[in-house]
Amino acid sequence: MSIPSISSPSLAAAAAPLSSVEASKRLAAYTAVDRHVLPEDKIIGIGSGSTVPYVVERILQQGEERNRDRVFLPTGFQSQELITHAGLRLGDITQYSVLDVTIDGADEVDSDLNCIKGGGACQLREKVLAEAAKTFIVVADYRKNSSVLGTTFITGVPIEVSPFAHSTVLRSLRTKLGSPKAILRMGHAKAGPVVTDNSNFIIDAPFSEDVMKKPHELLAKIKLLTGVVEVGLFCNIVKAAYFGNQDGSVTAKLESGEVVQIEKGH
Ligand SMILES: O=C(CO)[C@H](O)[C@H](O)COP(=O)(O)O
């Protein structure tokens, strides 16, 4: 296995000045990798979205020796490409049912480390790799750090559904579960609905603040609808969430409830 060196052109490009949001994503990702991707970790889950490329970038910086006997499992097509283009060894969840650590992005994280995920339509595979990991870590920029879900990510809870059941699930969400504005997610630069890596559709269902304050209850209700494959509410799974801030610090929310401020350069 040949792993690109840190001075490769792709990493040189990545070292170019970043916008403040991008810099915050990188800061969160680098901090999380430094703290949670340890030398003894061999089976590593790589999530989806625009923050995880910085996770892979930092893992590469750990060096060829450290990565030689590691296997990386993707949460979808995008992270599969990330892993293979980085020259890292690709594995599959069907070969490894226990992961040492999974690091993923999030659309919003509340005070109790509950998350909305699925902005990129990958929540089924993301949740499988999150639950299978001994340690599940979330990385995001400061915009995702919230106290109640649905405050900043307002398009709703992403719900993966079987195409066959999408209209019945939509109806139930609108008329029984209190999401009258639930809609089928449509593609951009593609006619028709978004189709997931599992050949399913996505419904985005916004709920009131009162409902979003109890994400476990909402998750249980949505999951019981026939045709729902997975819900983009992650409850009781996250061990720690790292948010890069504009001032160069990182806020870490821990499972214990502690919130730690990591100052620039530490
Ligand atoms: O859940 C996800 C995809 O389904 C992503 O992790 C989430 O959308 C965050 O992405 P980004 O890092 O681009 O903010």
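One-based numbering, in listed order, for ligands and for the atoms of each. Reckoned from all heavy atoms, side chains included, excluding hydrogens, waters and symmetry mates.
Taking only nitrogen or oxygen atoms, main chain and side chain alike, G120 reaches within less than 3.5 Å of ligand 1. Residue C122 places at least one N or O, backbone or side chain, under 3.5 Å from an N or O of ligand 1. Checked by distance only, ligand 1 and K144 come closer than 3.5 Å through their nitrogen or oxygen atoms. On a distance-only criterion, Q123 and ligand 1 share no N/O pair closer than 3.5 Å.
A cation-pi arrangement is present between K127 and F234 under the rule of less than 6.0 angstrom and at most 45 degrees off the ring axis.
Within the listing of ligand 1, atoms 1 (O), 7 (C), 8 (O), 9 (C) sit less than 4.0 angstrom from a heavy atom of D107. Each of the atoms 1 (O), 2 (C), 3 (C), 4 (O), 5 (C), 6 (O) of ligand 1 lies under 4.0 Å from some heavy atom of E126. Residue contact check: G119 has heavy atoms under 4.0 Å from atoms 1 (O), 4 (O), 8 (O) of ligand 1. The ligand atoms of ligand 1 that sit less than 4.0 angstrom from a heavy atom of G118 are 1 (O), 2 (C), 4 (O). Within ligand 1, counting atoms from 1 as listed, the ones closer than 4.0 Å to a heavy atom of T51 are 11 (P), 12 (O).
Residue contacts with ligand 1: S48 is included, with a non-hydrogen atom under 4.0 Å away.
K176 NZ: 12 or fewer foreign heavy atoms inside a 6.0 Å radius. Heavy atoms of other residues, nucleotides or ligands lying less than 6.0 angstrom from NZ of K42 number more than 12.
For H36 and F136, the ring centers sit 6.0 Å or farther from each other.
Shown are L129, V231, V229; of these, the side chain to side chain contact (heavy atoms under 4.5 Å, CB included) with L124 is made only by V229. Each of T196, T75, D197, N198 was scored for a side-chain hydrogen bond (donor to acceptor under 3.5 Å, both in side chains) with R125, with one residue passing: N198.
If you look at D104 next to ligand 1, the close heavy atoms, those under 4.0 Å, all belong to the side chain. If you look at A106 next to ligand 1, the close heavy atoms, those under 4.0 Å, all belong to the backbone. At a 4.0 Å heavy-atom cut-off, ligand 1 touches A121 through the backbone alone.
One side chain, S48 or E126, offers a donor N or O that lies under 3.5 Å from an acceptor on the other. For the residue pair S249/E263, the side-chain donor-acceptor check at 3.5 Å is not satisfied.
Between C115 and V238 the shortest side-chain heavy-atom distance falls below 4.5 Å.
Using a 4.0 Å cut-off between charged nitrogen and carboxylate oxygen, K134 and D100 count as a salt-bridge pair.
For atom 13 (O) of ligand 1, the nearest non-hydrogen atom of the protein is S50 OG, 2.4 Å. Among protein heavy atoms, atom 10 (O) of ligand 1 sits closest to G49 CA, 3.8 Å.
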